[in-house]
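What follows is one structure encoded as structure tokens, with my remarks underneath.
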Amino acid sequence: MTALPTRVGVLGGGRMGVGIAHAFLVKGAGAVVVERDPAAAATAGERLERNLLASVERGVLDNFDVALERTTLSSSIEDLAGCDLVVEAVPEDLDLKAEMLAAAEGVIDPGAALATNTSSLSIDAIASRLSRPQRFIGLHFFNPVPASSLVEIIVGESTEDSLVADARGWVEGIGKTPIVVADAPGFASSRLGVFLALEAMRMVEEGLASAEDIDAAMELGYKHPSGPLRTTDIVGLDVRLHIAEYLASQLGERFAPPQILRDKVAAGELGRKTGKGFYDW
């Protein structure tokens with residue numbers, strides 16, 4: 001099996017970024033989490049500490065202090081120097097992702113790898129703005145990272161075969177299962193997941209059934225661990241709307257967001273993070 005990177009950098013210290021850092025830390029790698037300013041870095045550190053403590057309680061991590069010693073929290077891209085792998089986990093904006101990855105590329109070694117955690121944006125479009133696209137790949141982790149067993153590996157036109165093999169090894173090394181897909185709008189997971197969620201929203205909109213009953217149909221009838229509407233609340237309705245709009249622009253009207261989604265986002269009902277979406281949290 002491919003050895004884990006000795007030091008992993010993560011651009012963005014939100015829920016996903018911290019989850020990615022946590023996944024590598026509990027398996028013995030070092031992690032550098034870079035945020036936009038010192039205050040945001042401190043908040044990311046608090047979130048990461050909670051995750052690590054939870055891992056100790058579950059028996060997944062032996063020593064909290066040792067894991068914390070392998071962690072660097074920063075607001076400087078320069079601190080990514082020496083990382084073997086840098087994973088970008090900033091908001092779903094292509095320009096922002098490309099800008100952050102290009103900045104990271106400027107400080108890491110030429111042989112180090114860059115990855116994006118995007119759930120839908122084109123890997124090749126981002127790669128076109130990098131100097132070493134052959135060392136760039138998609139690593140789509142799922143929320144919440146500690147509980148999820150899947151990582152989607154997205155291969156761009158320029159991605160080296162050896163990097164794909166390494167990525168498989170890294171994913172398996174952190175105890176998750178990799179799937180490998182070609183670069184296409186929404187890849188495999190987002191394309192299927194969003195399509196199902198949009199249809200579930202239309203069913204609520206039409207008064208066919210409640211959100212609870214629609215989710216129960218998928219959870220009990222098809223063994224989904226979480227129904228499409230509850231999952232939407234966890235992911236964030238604003239995130240789902242953004243992805244749906246992008247997929248609609250690339251793949252057509254079957255991904256057009258229903259009005260109920262637009263209305264809820266406009267009302268600030270974004271799901272779990274605001275306390276209300278298709279459910280009350």
Side-chain angles (χ1 to χ4, degrees), residues 5 8-21 31-37 40-41 44 74-143 145 151-160 163-164 166-167 170 180-191 194 235-236 238-251:
V8 177
V10 181
L11 288 165
R15 182 184 296 271
M16 292 303 299
V18 164
I20 293 166
V32 181
V33 180
V34 177
E35 258 290 0
R36 63 184 178 277
D37 56 48
S74 174
S75 57
S76 172
I77 288 283
E78 300 296 326
D79 284 332
L80 295 174
C83 287
D84 308 297
L85 166 66
V86 173
V87 184
E88 165 275 310
V90 301
E92 286 287 283
D93 179 279
L94 192 148
D95 290 336
L96 175 61
K97 288 179 179 292
E99 177 185 348
M100 298 303 295
L101 285 161
E105 187 181 46
V107 301
I108 61 176
D109 292 337
L114 283 174
T116 175
N117 185 53
T118 183
S119 58
S120 63
L121 298 176
S122 169
I123 300 299
D124 288 329
I126 299 172
S128 69
R129 307 193 194 183
L130 299 176
S131 300
R132 299 187 292 274
Q134 71 277 10
R135 298 300 298 162
F136 176 63
I137 199 165
L139 291 177
H140 177 205
F141 290 79
F142 289 76
N143 185 22
V145 177
V151 177
E152 190 173 32
I153 298 173
I154 304 98
V155 182
E157 288 186 2
S158 301
T159 306
E160 292 176 339
L163 180 54
V164 179
D166 285 344
W170 298 334
V180 178
V181 301
D183 186 30
F187 318 130
S189 60
S190 291
R191 187 164 167 176
V194 170
V235 170
D238 52 336
V239 175
R240 277 275 157 96
L241 175 59
H242 184 79
I243 294 172
E245 289 177 331
Y246 172 72
L247 292 178
S249 73
Q250 300 295 309
L251 299 172

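As the structure is a prediction and not an experimental result, all values here were calculated from the model.
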Q134 versus S158, side-chain donor and acceptor atoms under 3.5 Å: no
S190 (side chain) donor-acceptor with F187 (main chain) under 3.5 angstrom: no
Residue pair P185 / L247: nearest heavy atoms and the distance that separates them: C-CD2, 3.6 Å
For the student: nearest non-hydrogen atoms of T159 and V164, plus distance: CG2-CG2, 4.0 Å
Interatomic distance, L163 atom CG to I137 atom CD1 [nearest 0.5 angstrom]: 4.5 Å
Backbone of G111 reached by a side-chain donor or acceptor of R135 within 3.5 Å: yes
Trace of the side-chain contact (heavy atoms from CB on, under 4.5 Å) decision for M100 with V34: CA-CA 10 Å; M100 298 303 295; V34 177; 5.6 Å; no
Under the ring-ring contact (aromatic ring centres under 6.0 Å, His included) test, residues paired with F142 that sit two or more places apart: H140
Distance in Å, S122 OG paired with Y246 OH, rounded so as to fall on 0.5 Å steps: 5.5 Å
Which donor-acceptor pairs under 3.5 Å do side chains of residues 11-21 form with protein atoms, sequence neighbours excluded?
none

Interatomic distance, E160 atom CD to R132 atom CZ [nearest 0.5 angstrom]: 11.0 Å
For the student: nearest non-hydrogen atoms of V33 and A44, plus distance: CG1-CB, 4.4 Å
A113 to W170 - nearest heavy-atom pair and separation: CB-CH2, 3.9 Å
Worked verdict on E92 versus K97 for salt bridge (Lys or Arg N to Asp or Glu O under 4.0 Å): CA-CA 7 Å; E92 286 287 283; K97 288 179 179 292; 3.2 Å; yes
Separation between CG of L139 and CG of L85, rounded to the nearest 0.5 Å: 6.5 Å
Side chain to side chain contact (heavy atoms under 4.5 Å, CB included) partners of E157, counting only residues at least two apart: D124
From CA spacing to verdict: side-chain contact (heavy atoms from CB on, under 4.5 Å), S131, E105: CA-CA 8 Å; S131 300; E105 187 181 46; 3.6 Å; yes
E152 side chain vs A188 backbone, donor-acceptor pair below 3.5 Å: yes
Donor-acceptor under 3.5 Å (D183 side chain, G156 main chain): no
Pairwise side-chain contact, V181 with V155, heavy-atom cut-off 4.5 Å (strictly under): no
Exercise: do T116 and E88 side chains pair donor with acceptor under 3.5 Å: yes
Spacing of CG belonging to N117 relative to CG belonging to N143, to within rounding of 0.5 Å: 9.5 Å
L94 and I126: CA distance, side-chain angles, deciding distance, side-chain contact (heavy atoms from CB on, under 4.5 Å) verdict: CA-CA 7 Å; L94 192 148; I126 299 172; 4.2 Å; yes
Distance in Å, S120 OG paired with Q250 CD, rounded so as to fall on 0.5 Å steps: 9.5 Å
Sidechain-backbone polar pair: D109 side chain, A112 backbone, donor-acceptor under 3.5 Å: no
Test item: I243 and S119 side chains (from C-beta on) under 4.5 Å apart, heavy atoms: yes
Shortest non-hydrogen contact from V86 toward C83: CG2-CB, 4.0 Å
Exercise: identify the closest heavy-atom pair between A115 and L101: O-CD2, 3.7 Å
